[in-house]
Novice: 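Dumping the structure here so I can ask a few things about it.
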Amino acid sequence: MDFLSDFLTNFLAKLQSPTLGFLIGGGVVAALGSRLAIPDAVYKFIVFMLLIKVGLSGGIAIRNANLAEMLLPAAFAMAVGILIVFIGRYTLAKLPNVKVVDAIATAGLFGAVSGSTLAAALTLMETGGMQYEPWAAALYPFMDIPALVTAIVLASVYLSKQRNAADEHLSKQEYLGQQEYRAQQGGGTAVEYRSKQSSAANNKVKIWPIIQESLQGSALSALLLGIALGLLTRPESVYESFFDPLFRGLLSILMLIMGMEATARINELRKVAQWYAVYALVAPLLHGFIAFGFGMIAHAVTGFSPGGVVILAVIAASSSDISGPPTLRAGIPSANPSAYIGSSTAVGTPVAIALGIPLYIALAQALMGS
Amino acid sequence: MDFLSDFLTNFLAKLQSPTLGFLIGGGVVAALGSRLAIPDAVYKFIVFMLLIKVGLSGGIAIRNANLAEMLLPAAFAMAVGILIVFIGRYTLAKLPNVKVVDAIATAGLFGAVSGSTLAAALTLMETGGMQYEPWAAALYPFMDIPALVTAIVLASVYLSKQRNAADEHLSKQEYLGQQEYRAQQGGGTAVEYRSKQSSAANNKVKIWPIIQESLQGSALSALLLGIALGLLTRPESVYESFFDPLFRGLLSILMLIMGMEATARINELRKVAQWYAVYALVAPLLHGFIAFGFGMIAHAVTGFSPGGVVILAVIAASSSDISGPPTLRAGIPSANPSAYIGSSTAVGTPVAIALGIPLYIALAQALMGS
Amino acid sequence: MDFLSDFLTNFLAKLQSPTLGFLIGGGVVAALGSRLAIPDAVYKFIVFMLLIKVGLSGGIAIRNANLAEMLLPAAFAMAVGILIVFIGRYTLAKLPNVKVVDAIATAGLFGAVSGSTLAAALTLMETGGMQYEPWAAALYPFMDIPALVTAIVLASVYLSKQRNAADEHLSKQEYLGQQEYRAQQGGGTAVEYRSKQSSAANNKVKIWPIIQESLQGSALSALLLGIALGLLTRPESVYESFFDPLFRGLLSILMLIMGMEATARINELRKVAQWYAVYALVAPLLHGFIAFGFGMIAHAVTGFSPGGVVILAVIAASSSDISGPPTLRAGIPSANPSAYIGSSTAVGTPVAIALGIPLYIALAQALMGS
């Protein structure tokens, strides 16, 4: 029962952390009918501040990383980040009554990385004397950002298809009802209808315009702008004096806003909570094993250290508490934050810390004898 | 004339403090016809930030306090905070031409506590070697928050009654004018009119819905949310890195906004300035004596130290320069800030510091021989 | 070719500074069609925060300065700051296709002072053992603020004349077209028309109302309020804990916004870029020589040190990267930021640092033998 007590300790500490405290506080305040509100202009600016900070820290980390040396693990981290979102898209999102955008956002959050889970793993590895490459911790943005971008793009593609299908449905009805009228207007109507039908039937939505559209949205724009500035300029002075110190506080206010919203939407999850629980229990371990497998390949090919393999597995097992919520909230506004934050905080993160980390360390020692 | 020179020194130092400097600056800028303005969305967010900080610091202070030991003094502090507002409601608010909401807000501010007045007292007591319980300074939120909440609720009750009376007046006129018409609609009209009349005549406004309404307002919601988060979670990290460091600066901007508004409303006070001056001169000393009396009871019953009795008297004598203005501005928006901030800053605080503190110390030494 | 390599090093370092990085980032993001936007309420508040900080730091610097001792150099600094703007008004603004408001804003920026250029000069002088009065660096607000105020007032005067001329043009057309109709209304029309004509023809716009209007605008109000608070109160505590630490970060966000806008307006400059290049190459050196001349007078009259003369020349040669952009953006909103920021950053500042500073030091040593 060591695992259970670890799990509960982690769970209770999480509940008292400022981030989660503000989330729950916002939920309770809204449930009590309070008229407390954060003005929309301020909300938008807070999201901008959070995303540009996430981008800057990722960009600075990548700039300071030794890319040549970490090429293969970084590519694997990126592949795992993208893969995790696709796994969620074709498992969780297909379950009965689960809303597809909620599932995609949840998979995005589980693909993104938690800095505190990573820190817990590093502490445990150092205590146990397990060696790892000094740049291994810098693998996190390579998994974090692709996972979030993939989730936002997949959600946009899905929503576009939905809209097309709705138009299709509408145009079919219109077609049948207004055929007579249209016939008078010219011969193009039937052809137009058929071309719409086939595109919707085959789900052949054009992907690239949607990806471009997603990247031009305010969420990914701010994130990518931050990365570019972190990579190409020297923003350390403003990062350290402004964006980083304000981050935790602004995040707590975002959590408050998301908590208020969660109250209004918690009912949506009543019928599907069990699916999220199962996903949040299985996914961290599964993602960790997949990443562990990739790490073993890098170990065989380039001599990537057993400690590095554990780090790759841990960042895959973790789900984001920092970069994820603001990015997903702004990038997939229709997704229910109760679904993805609830899954990650209540189940996913405790599982990753209390079960995942010791498992991957034991496995690395067993398989690679470190 | 030692008191007078002390008073003037305190008064001049106050005028140069950033808080008051920005208040006066805002007033002058508005009087000169400047088009300077702080956007409303930002103003609302600043008020939110200030209130949640006041709540958090109160909640953290209460959580860290030894409640069992300080039970009686804390209950007395709460009682005095509420009593002060009721005293103002039935003295200042009844004076000719004094607007009731202005008077209630002023009483709320005089019931709330000034951290800097308290600090001045602690310094003086330490210099004089007067002992006090280490938790005595933590009594302040027990007086501060109940006073502010009471003021907002009393103002809401008063405004509801006003609205009812106005409706009443209207319905009486309507009644007389439209009696003929209504008589055709059914027999209920006369009964309805009479029930309205009696409720207005007896001022039997339902209190609980108004209290609930006040607590759900954005001001008290933010304050109580902060207290709850401070009590039940561990928000120290964001409090220390975010809410606390930004507090003074945001308060100075709020003061600027209130100064701009004060210019527009200063004329309202021309006829009643003398009443506020009298109140601000008498109230601190009276409130201090009342609290001193309660403290003496605690001294007799539980051995509350003479130094603790002085602290209780000083926090009752002080009027808030920190928690009060944002809370009252947001909670009683129709009250004139020139009235309550002017009374407190120009007269109340110098009286409490230069006259109240030495008086209570001398009294404690005389009565309890410390 | 030492100068060229110095110039290029300075230029490249500038490009990576957070300020310029965010400017270029904003430009690129906008060019890529991003929907990223900073809410208008937040933008206005950021400008307010920047201007009040610029004002506060100027006011505090002036309060702490020994005015009696520095009277003559301070008066000269003020005169040079105003003169620089007038020089730009009658040279750059008169060149073909150059927009007058763009030219005035550019001259304002070149009249204002760069703290980092000044710091570079002080470092070089200390290395070379050149003595200067300890208060000499405090001359900067005496040049900085008058230059910015002059630019905003000149732009307002120009725009008022433009409006008058437009009205004039309109009323002439109206006069010709509606003469018949007006003749029926009374004999005053022709007189009214003639008086308008003469006022427009002689450009006799009333100056004082426009200056008052400019000073009441939100930009100069915030700046002057900051100066007044810095001079007359003791705002150091909020300045150091709030306005100053947030300054760099908020400036980077303003730069982002200005970069986004620059993209949309860069085409306006295609035909006139050469004039800005010539101005930005010549102006810093010319302004420096003018100030050097004034400094020589102070040297002869009051024994102002050769190091002080160099400082006066350097602050005249420098163009503002801190106080200027927010003040001009808010004070002359119709001016194209690409023009003034581009001229200053791409050419003016590198010229002042790499060419101006060594030149004035050598000149001072040659002429005053220090």
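By convention in this document, chain letters (A, B, ...) are assigned in the order of the sequence lines, proteins followed by strands, and residues within each chain are numbered from 1.
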Novice: With a distance cut-off below 6.0 Å to the six-membered ring centre and an angular limit of 45° from the axis, does C:Lys53 pair with C:Phe243 as a cation-pi contact?
Specialist: no

Novice: Only heavy atoms, only distances under 4.5 angstrom. Which residues in residues 137-148 of chain A are near chain C?
Specialist: none

Novice: At a heavy-atom distance under 4.5 Å, which candidate from A:Glu213, A:Gln216, A:Gln212, A:Lys44 has the highest pair count against chain C?
Specialist: A:Gln216

Novice: Which atoms of C:Phe22 come close to chain A, meaning under 4.5 Å heavy atom to heavy atom: side chain ones, backbone ones, both, or neither?
Specialist: both

Novice: For the atom pair CD1 (A:Ile257) and CD1 (A:Ile46), what is the distance rounded to the nearest 0.5 Å?
Specialist: 5.0 Å

Novice: With rounding to the nearest 0.5 Å, note down the distance linking OG in A:Ser218 to CG in A:Leu225.
Specialist: 12.0 Å

Novice: Tell me, side chain or backbone of A:Ala222 under 4.5 Å from chain C's heavy atoms, or both, or neither?
Specialist: both

Novice: A:Leu246 versus chain C, heavy atoms under 4.5 Å apart: side chain, backbone, both or neither?
Specialist: side chain

Novice: Heavy-atom pairs under 4.5 Å with chain A - which of C:Gly25, C:Gly26, C:Gly33 has more of them than the others?
Specialist: C:Gly33

Novice: Nearest 0.5 Å, what's the CD1-CG distance between A:Ile341 and A:Leu328?
Specialist: 8.5 Å

Novice: So what's closer than 4.5 Å to chain A heavy atoms on C:Leu250: side chain, backbone, both or neither?
Specialist: both

Novice: With a 4.0 Å cut-off on N to O distance, would you call A:Glu236 and A:Arg63 a salt bridge?
Specialist: yes

Novice: Rounded to the nearest 0.5 Å, what's the gap from CG on C:Leu251 to CE on C:Met258? Could you check?
Specialist: 9.0 Å

Novice: For A:Arg248, does the CZ atom have more than 12 heavy-atom neighbours from other residues, nucleotides or ligands under 6.0 Å away?
Specialist: no

Novice: Do C:Asp244 and C:Ser57 have side chains that approach each other closer than 4.5 Å (heavy atoms only, starting at C-beta)?
Specialist: no

Novice: Would you compute the distance between atom CD1 of A:Ile227 and atom CG of A:Leu56 and round it to the nearest 0.5 angstrom?
Specialist: 9.5 Å

